[in-house]
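Note that ligands are numbered from 1 as they come in the structure, with each ligand's atoms numbered from 1 the same way.
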Amino acid sequence: MPTVLITGASRGLGREFARQFAAQGWRVIATCRNPAAADIEGEVHAMDVTDAQSVQSLADKLAGDPIDLLLNNAGVYGPRDSDFGRIDYDAWDEVLRINALAPIRVAEAFADHVLGSELKQMVFISSMMGSIAQTSVGDGFIYRSSKTCLNMAVNILSNQLRPRGATCVLFHPGWVRTDMGGPSAAIDPTVSVGGMMNVIKRLKPEDSGRFINYDGFDFPW
Ligand SMILES: NC(=O)c1ccc[n+]([C@@H]2O[C@H](COP(=O)([O-])OP(=O)(O)OC[C@H]3O[C@@H](n4cnc5c(N)ncnc54)[C@H](OP(=O)(O)O)[C@@H]3O)[C@@H](O)[C@H]2O)c1
């Protein structure tokens, strides 16, 4: 039975990933900031992805447990009105720490667990809003740049870990009806996560470094 560790599993896409992987018989290690407040069944651990000690302490607790798939999902949008001329630099700093630095911190902490597993996969939930090629608007300064930073970091990571047999990919999950996506978003979490899981199931080492839409098509950088 393969094992998946999911960050930000308290709600939204993370919780739906936990539900669908459990339904398929995987061991699901759900992580979130506040397990007591989260409505998730099964194995749940506390982990704040921006807190180095919190991340390392869970990695130590799970030492020796292979993790086939490390699913870096946790993320925030940040303030929606922080654009050029009124940039909130503290908020930008925080969003970068959560969306770009933390997934790499988690990957570093759990690298041995993943490299010691059978599948050796790392998935990072990015966004089309991080695509430079797709951005022709003048808003979303903070969120967009955080996901662009994540994309580059994962691209580098995929090159570093390829010789060690790991497969690292980024996803755009679609515009999804979660707290972040809002009620007018285009698709349900079940559709987004179901689509990404179909792609994950077929991932091969040569896919490492791809930026993939939830339906399997490559996304422009
Ligand atoms: N929804 C969309 O349309 C959409 C589109 C493109 C990309 N995405 C990406 O998809 C991912 C999931 O988003 P979502 O739509 O499911 O958003 P969501 O419903 O707002 O959920 C965000 C999750 O991230 C967790 N989180 C935030 N900061 C954290 C931290 N420091 N440590 C641990 N967990 C933290 C939250 O935990 P708490 O409950 O503790 O706050 C929550 O579980 C994000 O990376 C997002 O950028 C979403």
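Under the 3.5 Å distance criterion, with hydrogens and angles disregarded, a donor-acceptor pair is assigned to the side chains of N151 and S126.
Side-chain contact between L170 and W221 is present, with at least one heavy-atom pair separated by less than 4.5 Å. Looking at M196 and F17, their side chains come closer than 4.5 Å, going by heavy atoms from C-beta outward. A 4.5 Å side-chain heavy-atom check between I67 and S117 finds every atom pair outside the cut-off.
Protein residues are said to neighbour a ligand when one of their heavy atoms lies under 4.0 Å from it; for ligand 1 these are G8, S10, R11, G12, L13, R33, M47, D48, V49, T50, N73, A74, G75, V76, I98, I125, S126, S127, Y143, K147, P173, G174, W175, V176, T178, D179, M180, G181.
Through direct or indirect side-chain contacts shorter than 4.5 Å among Ile, Leu, Val, Met, Phe, Trp and Tyr, I132 is connected to no other residue.
Here E108 does not pair with R105 in a salt bridge; the nearest charged N to carboxylate O distance is not below 4.0 Å.
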